[in-house]
Number of protein chains: 2
Amino acid sequence: MVKDVRRELERFVDKCKSMGLKITPQRVAVYEVLLNREDHPTVEEVYNEIKKRYPFVSLATVYRTVETLEDLGFVKRVAYWGGSVRYDANVEDHHHLICTKCGAIKDIQLDINWQAPEHLEGYKVEKYSLHIYGVCPACQKKEN
Amino acid sequence: MVKDVRRELERFVDKCKSMGLKITPQRVAVYEVLLNREDHPTVEEVYNEIKKRYPFVSLATVYRTVETLEDLGFVKRVAYWGGSVRYDANVEDHHHLICTKCGAIKDIQLDINWQAPEHLEGYKVEKYSLHIYGVCPACQKKEN
DNA sequence: ATAGCTGCAAACTATTTGCAATCCC
DNA sequence: GGGATTGCAAATAGTTTGCAGCTAT
């Protein structure tokens with residue numbers, strides 16, 4: 001699955017317009033960074049990347065923007081292992097490989113042959129994902 | 001699966017002794033609270049429950065104790081949706097039902113017919129769990 | 001007796017918020 | 001022009017840490 005960043009950004013701009021939200025450089029920059037990353041950066045990481053190109057953004061704006069993006073359905077907040085919240089511009093269903101040492105999260109495609117029921121123990125089910133915990137290659141090296 | 005709290009506490013006391021750790025009332029109280037709860041309380045929640053019975057404990061001690069318990073393998077830190085870290089004294093493999101509104105986490109037993117490989121994309125796999133996201137009964141009521 | 005624990009308070013990290021200035025439509 | 005958005009700094013929430021005194025072994 002190759003992401004068409006340009007097309008996604010257009011879709012985002014359209015959605016903002018239709019919602020009466022302004023298209024600000026900050027907003028576009030945040031979404032662009034998230035679209036271009038394969039991992040699931042923290043807000044701080046997004047901020048650091050944006051600062052290189054647009055030194056004017058503030059961390060508070062990045063926090064506000066990821067929340068807006070989440071409300072609009074363009075990114076999702078991924079359940080996290082520790083530390084800070086992480087965001088993901090891949091909104092399709094997929095599974096996660098999570099490092100128990102550093103918290104890094106990687107998307108993976110897997111067929112688990114399981115379908116979520118609409119309701120479970122009184123919960124209204126929205127989505128699900130398999131979380132696989134382990135030690136990532138980088139942290140395995142550090143262990144020696 | 002009915003938990004034998006008394007037996008678990010004994011096992012805990014033995015393990016502490018064998019590790020040269022002291023059996024303090026604070027330690028026992030924290031583990032006892034976690035053993036007796038079906039949900040996955042935050043550190044603050046554990047602290048509040050303990051305070052009722054043992055008003056002398058401090059929040060910092062509860063933080064330190066859950067970490068010790070985790071190191072010993074008596075509880076685990078569960079991946080969380082937002083806010084604070086949550087702990088679980090159920091160390092057997094099981095799945096999670098997570099409320100996207102309030103972050104509450106409930107254990108569930110499910111057969112997903114899937115076995116984790118030992119290695120996946122370079123990660124050394126330790127365990128896995130299915131995370132099912134939805135809105136819990138309490139939050140569904142609040143929505144009206 | 002003494003190493004390990006604890007309580008307290010202060011430090012730190014992550015996130016949110018109030019408000020005046022600024023920017024898109 | 002005018003409301004939405006931003007930057008800044010201050011506030012808040014969650015967690016960790018230093019240290020002096022206490023306690024289980």
Side-chain angles (χ1 to χ4, degrees), chain A residues 9 12-31 33 40-48 50-51 53-72 74-75 77-87 102-103 105, chain B residues 9 12-31 33 40-51 53-72 74-75 77-87 102-105:
Chain A
L9 281 172
F12 171 58
V13 168
D14 289 348
K15 178 81 176 187
C16 284
K17 280 183 187 157
S18 78
M19 300 286 288
L21 296 175
K22 293 177 178 168
I23 320 294
T24 65
Q26 289 89 334
R27 262 179 199 160
V28 176
V30 169
Y31 187 40
V33 166
H40 303 65
T42 61
V43 175
E44 190 94 29
E45 285 164 353
V46 173
Y47 170 64
N48 287 330
I50 291 181
K51 252 197 322 194
R53 283 180 280 162
Y54 313 89
F56 52 88
V57 248
S58 90
L59 182 58
T61 298
V62 180
Y63 271 100
R64 279 187 283 230
T65 304
V66 287
E67 208 183 315
T68 307
L69 287 169
E70 195 186 359
D71 292 344
L72 295 176
F74 286 92
V75 303
R77 177 189 282 243
V78 297
Y80 46 108
W81 185 250
S84 330
V85 178
R86 290 170 180 275
Y87 286 88
C102 69
I105 304 177
Chain B
L9 281 171
F12 171 58
V13 167
D14 289 348
K15 177 81 178 189
C16 285
K17 279 182 187 160
S18 78
M19 299 286 287
L21 297 174
K22 292 179 178 168
I23 321 294
T24 65
Q26 290 89 333
R27 261 178 199 162
V28 176
V30 168
Y31 187 39
V33 166
H40 304 66
T42 61
V43 175
E44 189 95 30
E45 284 164 354
V46 173
Y47 171 63
N48 287 330
E49 191 163 332
I50 291 180
K51 253 198 320 194
R53 284 181 280 164
Y54 311 91
F56 53 86
V57 249
S58 90
L59 182 57
T61 297
V62 181
Y63 272 101
R64 280 187 282 228
T65 305
V66 286
E67 208 182 314
T68 307
L69 287 169
E70 194 184 0
D71 291 344
L72 295 177
F74 287 92
V75 303
R77 179 189 280 244
V78 297
Y80 46 108
W81 185 249
S84 332
V85 179
R86 290 168 181 276
Y87 286 88
C102 68
I105 304 177

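This is a predicted model, so every value here is computed, not measured. Chain letters run A, B, ... following the sequence lines, proteins first, then strands; residues in each count from 1.
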Donor-acceptor pair present, A:Arg64 side chain and D:dG7 base, under 3.5 Å: yes
[atom1] of [X] versus [atom2] of [N]: gap in Å, rounded?
X	N	atom1	atom2	result
B:Leu21	D:dT23	CG	C1'	15 Å
B:Ile23	C:dG4	CD1	C1'	12 Å
B:Tyr54	D:dT23	OH	C1'	17 Å
B:Leu59	D:dT17	CG	P	14 Å
A:Ile50	D:dT6	CD1	P	11 Å
A:Leu72	D:dT5	CG	P	10 Å
A:Lys51	D:dC8	NZ	P	11 Å
B:Asp71	C:dC5	CG	C1'	15 Å

Out of [options], whichever nucleotide has its closest atom nearest the side chain of [X]:
X	options	result
B:Tyr63	C:dT15, D:dT6, D:dG14	D:dG14
A:Thr24	D:dG7, D:dT5, D:dT25	D:dT5
A:Gln26	C:dT6, C:dT15, D:dG7	D:dG7
A:Thr61	D:dT6, C:dT17, C:dT15	D:dT6
B:Lys22	C:dA3, C:dA14, D:dT15	C:dA3
A:Ser58	D:dC8, C:dT16, C:dC25	D:dC8

field: Position toward the 5' end of DNA chain D (nearest nucleotide), A:Thr65 or B:Glu44
entry: A:Thr65
message: Classify A:Arg27 by what it touches in the nucleic acid, base, sugar-phosphate, or nothing, heavy-atom distance under 4.0 Å.
response: sugar-phosphate
field: Shortest non-hydrogen contact between A:Ala29 and A:Tyr54, atoms and distance
entry: CB-CE1, 3.7 Å
- prompt: Nearest 0.5 Å, what's the CD-OG1 distance between A:Gln26 and A:Thr68?
  reply: 11.5 Å
query: In Å and rounded to the nearest 0.5 Å, what is the OG1 to CD1 distance from B:Thr65 to B:Ile50?
result: 7.5 Å
field: Check: A:Glu67 and A:Val43 side chains under 4.5 Å, non-hydrogen atoms
entry: no
message: Counting C-beta onward and ignoring hydrogens, is there a side-chain heavy-atom pair between B:Asn48 and B:Pro41 closer than 4.5 Å?
response: no
